[in-house]
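Numbers here simply count residues along the sequence, with the first being 1. Reckoned from all heavy atoms, side chains included, excluding hydrogens, waters and symmetry mates.
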Amino acid sequence: MARISYAGRDAVPEQHRHLFDDMATYGPFSSLVGAMAHRTPIFAHVFGMLTELGQESLVEKRYLELALVAVSQLNSCAYCVAHHGPRLAVQGISPQGVDRLLDHDDHPELDEVDRLVVEYAIAVTRDFNGVRDEMFLRLRRHFSEPQIVELTWRIALCGAFNRFNDVLQLDIEEEAFARSA
């Protein structure tokens, strides 16, 4: 059970209420949206950024979801894994493949770039001070600098979401449970 209540659409100023609707198209994130709606600056900026990035992402959806699931698995964030794991099925990764995503070296469902993305997500999450230039040489073979910036930001932001969701013990929405089952 969540440690806080969930604010409704009417809790935010009129000019930001469209973000409730925008986030509904992103997926069943009503707990997260309701928690952040308690603070309009957080709600408006975070969800405004996410919806804008969703509309004009430079990074393929597959790579973003691989990174988000890897980070969420590392941080044991059941909320995020329940929401993003099923998105990997759309990207061709089986449920068993999602479960063993962190074993990226010999993962039969991942190609070279997939493995690199998971490896990078692990490095940014576990040892951000230890990421070496060699990793960036490999990333640059497949991604532009703006793509690397977006991927890095989304990995770092996912870690923040993991902590926010788990500390507040946000409820996993029924629709997310159904999708992950």
I need the [X] [atom1] to [Y] [atom2] distance, nearest 0.5 Å.
X	Y	atom1	atom2	answer
Leu137	Met135	CG	CE	11.0 Å
Leu58	Glu150	CG	CD	5.0 Å
Leu170	Ile4	CG	CD1	6.0 Å
Tyr120	Thr125	OH	OG1	10.0 Å
Leu50	Gln55	CG	CD	11.0 Å
Phe29	Cys80	CZ	SG	7.0 Å

Would you say [atom1] of [X] has more than 12 non-hydrogen atoms from neighbouring residues, nucleotides or ligands within 6.0 angstrom?
X	atom1	answer
Asp127	CG	yes
Glu112	CD	no
Arg39	CZ	no

Query raised in the report: Going by distance alone, is a donor N or O of one side chain under 3.5 Å from an acceptor N or O of the other, for Asn162 and Ser72?
Result: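 Yes - a donor-acceptor pair under 3.5 Å links their side chains.
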Examine [X] and [Y] and state if one hydrophobic cluster contains both, with Ile, Leu, Val, Met, Phe, Trp and Tyr joined whenever side-chain heavy atoms are less than 4.5 Å apart.
X	Y	result
Val33	Phe161	yes
Leu64	Val46	no
Val12	Met49	yes
Ile155	Leu157	no
Ile172	Tyr6	yes

Query - Salt bridge Arg115-Glu119, side-chain N to carboxylate O under 4.0 Å - result: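 Here Arg115 does not pair with Glu119 in a salt bridge, since their nearest N and O are not under 4.0 Å apart.
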Keeping the roles fixed (side chain from [X], backbone from [Y]), state whether a donor-acceptor pair exists under 3.5 Å.
X	Y	value
Ser57	Gly54	no
Arg100	Gln96	no
Gln147	Val59	no
His83	Pro28	yes
Gln91	Leu88	no
Arg3	Val167	yes

Query raised in the report: Between Phe20 and Phe43, how do the two ring planes meet: parallel, tilted or perpendicular, split at 30° and 60°?
Result: tilted
Report task. Check the angle between the aromatic planes of Phe143 and Tyr63 and answer parallel, tilted or perpendicular using the 30° and 60° thresholds. Result ->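 Geometry flag for Tyr63 against Phe143: perpendicular rings.
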Can you name the nearest heavy-atom pair linking [X] to [Y], along with the distance?
X	Y	answer
Val113	Asp111	N-OD1, 3.0 Å
Ile148	Leu139	CD1-CB, 3.9 Å
Gln73	Leu102	OE1-CG, 3.5 Å
Asn75	Asp166	O-OD2, 4.0 Å
His38	Ser5	NE2-O, 2.8 Å
Arg138	His142	O-CD2, 3.4 Å

Query raised in the report: Can you find a heavy atom in the side chain of Phe164 that is under 4.5 Å from one in the side chain of Tyr79?
Result: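 A side-chain contact is absent here, since even the closest heavy-atom pair is not under 4.5 Å.
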Query - Non-hydrogen side-chain atoms of Phe47 and Ile42 separated by less than 4.5 Å - result: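 Of all side-chain heavy-atom pairs linking Ile42 with Phe47, none is under 4.5 Å.
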Requested in this report: Any pair with a residue in residues 53-74 that passes salt bridge (charged side-chain N to carboxylate O under 4.0 Å, His left out), sequence neighbours left out, goes on the list, sorted by first then second residue, please.
Outcome: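 Pairs touching residues 53-74 that pass the test: Arg62-Asp114, Glu65-Arg87.
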Requested in this report: Please assess His18 against Asp22 for the test side chain to side chain donor-acceptor pair (under 3.5 Å), listing each intermediate value before the final yes or no.
Outcome: CA-CA 6 Å; His18 69 92; Asp22 294 346; 3.0 Å; yes
Report task. Could you please spell out the steps behind the side chain to side chain contact (heavy atoms under 4.5 Å, CB included) verdict for Val124 and Val71? Result -> CA-CA 9 Å; Val124 170; Val71 171; over 6 Å; no
